[in-house]
Amino acid sequence: MLEAVHVPPLSLAAYATHAGDDAIEEIVRLAEPLRGARVLHVNATKFGGGVAEILPTLTALMRDAGLDAEWRIIPGDDAFYSVTKALHNGLQGAEVRLEERMRRTFEDANRHFAEAFEGDYDFVVIHDPQPAAIRRHLPQAGGRWIWRCHIDLTAANPDVWGFLRPSVEAYDAAIFTLADYVQPDLDLDTVAYIPPSIDPLSPKNATLDPHLADDVVYRFGVDPHRPLLLQVSRFDPWKDPIGVIDSYRAVKREIPEVQLALIGSMATDDPEGWKIYKDVLRYAGQDEDLLVLTNLDGVGSLEVNAFQRSSEVVIQKSLREGFGLTVSEALWKGIPVVAGRVGGIPIQLGNTGGRLVTTVDEATAACLELLRDPGLRHSLGLGGRERVRRHFLSTRNLRDYLALFNALQAGDRALVPAGIGMDGVALDHG
Ligand code: UDP
């Protein structure tokens, strides 16, 4: 039996304040034909990273909408997760060689997960590559099986994708955040484009008194009266923490009072994290205006909320990014973002919200521009918040899942969700 994750209840009605009554009514209408449907989400970890952030809310709201939803995790070990981290890196474009031993580790573990799989479901949603091969090992299992990819596949390493492809093609449908991520040789009838979402009512994103936010960051060593730059990310080279420090140092030459906080959590499925954390600490050196903090220092969701609200600018200088929830989290709080022009980040900013950058120099220039112009920060923040409200709240994500379930149930591809494009218009689905 795969381990079940406890999901505290949520009430859909409470989301009307932000999402609007129409959005809730649409969800109720889409949920009606799915009443009682048994839904299972499976992923690798209950803590750390974007997927573990999304699933509690999505599962709880599906339940409140009348579906019988569950969330379970796979029992991977370090050897398995170092293979899946290599898979992840390869899918994001790194030069990795998948040796025979690694392929076997992946296969054996997924066969083991498939053996542990119990129960009958109407819809099984398998998240990301780690458990992706379960379906291939359970071809007779009933229900519709959906693979949900959260990774930036724009420059996927062909060998690594070639290894994963047969597992993905065993599904009835796949969900990608962007149409750009779909590999040209993927042979699958139904492909939906559904961007992820943030929960506006969670401790991470709920309204917080600005004074309380300042009090919280003060206790971690931030001076709330001086400007703060922040990046919140797992310790991962794709998040470019070294580039963020370089940029902060360049900004500090112009604005000496600036501070930087790098906040990162350790995910159980990311064995590389500790090494990168130590590298970042070493690179940060002795600078009392540069804080490197983790969940192990007591930085949980509420503290992340406080840090995001107390920042002048939130940075997300990713080099690849499936979506980057931290961008929407900051924008939702009205904080402008300086972020990598990669993956799922541009659709979050649209033509408001902040600045897209590629190089350290561009990040520096954008931070300086925003730090020097409170009016600009305010207007970009406001625009970003409204964009997140319209496109990136949990209710929109839930609606898209329900639309996909209905489409699969009806066998009607015209109903498959098609996401939003860079300019906010609907994309065609292929
Ligand atoms: N996060 C956190 N504490 C940390 C680092 C990250 O709570 O120290 C959260 C962050 O707020 C976001 C999620 O982890 O909700 C990371 O999701 P994102 O999509 O940005 O990146 P991923 O880790 O999935 O690549």
Side-chain angles (χ1 to χ4, degrees), residues 43-58 81 84-85 87-89 91-92 127-130 148-153 177-178 181 194-206 208 216-217 220 230-241 244 261-274 276-277 280 291-309 311 314-333 335 337 339-340 342-345 347-349 388 392-394 397:
N43 82 318
T45 177
K46 54 182 148 179
F47 180 78
V51 183
E53 188 77 24
I54 294 165
L55 287 182
T57 302
L58 192 59
Y81 287 130
T84 59
K85 190 68 207 256
L87 255 181
H88 177 102
N89 288 341
L91 290 170
Q92 297 217 127
H127 294 259
D128 274 344
Q130 299 96 328
R148 202 306 178 209
C149 176
H150 294 269
I151 294 177
D152 179 346
L153 296 178
T177 297
L178 296 177
Y181 295 168
I194 305 180
S197 57
I198 62 160
D199 181 343
L201 303 180
S202 69
K204 166 121 356 123
N205 297 311
L208 194 64
V216 170
V217 301
F220 286 96
L230 169 73
Q231 177 160 297
V232 180
S233 283
R234 284 178 299 104
F235 291 102
D236 181 326
W238 297 112
K239 311 285 187 181
D240 197 15
V244 176
L262 290 174
I263 293 183
S265 60
M266 298 298 171
T268 50
D269 64 341
D270 184 5
E272 214 178 46
W274 282 107
I276 309 295
Y277 170 65
V280 169
L291 296 169
V292 182
L293 299 166
T294 76
N295 50 316
L296 303 177
D297 296 303
V299 183
S301 293
L302 196 72
E303 288 77 12
V304 170
N305 188 342
F307 266 91
Q308 288 168 331
R309 287 183 192 278
S311 299
V314 164
I315 302 175
Q316 189 55 57
K317 214 203 141 299
S318 303
L319 306 171
R320 291 265 189 274
E321 191 61 77
F323 183 69
L325 289 177
T326 51
V327 172
S328 278
E329 287 166 4
L331 295 177
W332 178 244
K333 295 161 182 110
I335 307 300
V337 173
V342 290
I345 290 176
I347 59 164
Q348 298 182 69
L349 263 58
V388 170
F392 303 116
L393 298 185
S394 312
N397 202 3

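Order of appearance sets the numbers: ligands from 1, and atoms from 1 within every ligand.
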- Apply side chain to side chain donor-acceptor pair (under 3.5 Å) to Trp238 and Asp152, showing your working. CA-CA 11 Å; Trp238 297 112; Asp152 179 346; over 6 Å; no
- Message: Run the salt bridge (charged side-chain N to carboxylate O under 4.0 Å, His left out) test on Asp236 and Lys85 for me, step by step, so that the C-alpha distance in whole Å, both residues' side-chain angles and the decisive distance to 0.1 Å come before the verdict.
- Response: CA-CA 11 Å; Asp236 181 326; Lys85 190 68 207 256; 3.2 Å; yes
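Of the possible donor and acceptor atoms, one in the side chain of Asp128 sits under 3.5 Å from a partner among the backbone N and O of His150. Judged by distance alone, the side chain of Asn205 and the main-chain N or O of Ser202 form no donor-acceptor pair under 3.5 Å.
The protein non-hydrogen atom at the shortest distance from atom 19 (O) of ligand 1 is Leu325 N, 2.9 Å. Ranking the protein heavy atoms by distance from atom 16 (C) of ligand 1 puts Gly50 N, 3.6 Å first. The protein non-hydrogen atom at the shortest distance from atom 6 (C) of ligand 1 is Val232 CG1, 3.6 Å. Considering only non-hydrogen protein atoms, atom 2 (C) of ligand 1 sits nearest to Lys204 NZ, 3.7 Å.
Closest non-hydrogen pair, Gly344 versus Tyr181, comes out as N-OH, 3.0 Å. The two residues Lys239 and Val244 make their nearest non-hydrogen contact at O-CG2, 4.4 Å.
For Thr326, the closest heavy-atom approach to ligand 1 falls below 4.0 Å. Remark: distances from the non-hydrogen atoms of Ser301 to ligand 1 are all 4.0 Å or more. Taking a 4.0 Å cut-off on heavy atoms, Val299 fails to register as neighbouring ligand 1.
When heavy-atom distances to ligand 1 are checked against a 4.0 Å cut-off, Gln316 has no atom that comes that close, whether in backbone or side chain.
Those atoms of ligand 1 that come under 4.0 Å of a heavy atom in Gly324, given as number and element, are 19 (O), 20 (O).
Taking 4.5 Å as the limit, some side-chain heavy atom of Val327 sits within range of a side-chain heavy atom of Leu349. In this structure, the side chains of Ile345 and Ser318 come closer than 4.5 Å at one or more pairs of heavy atoms.
For atom 21 (O) of ligand 1, the candidate residues are Arg234, Glu329, Lys239, Glu303; the nearest heavy-atom contact is made by Lys239. With atom 8 (O) of ligand 1 as the reference point, the heavy atom nearest to it among Ser233, Ser265, Gly48, Ser202 is part of Ser265.
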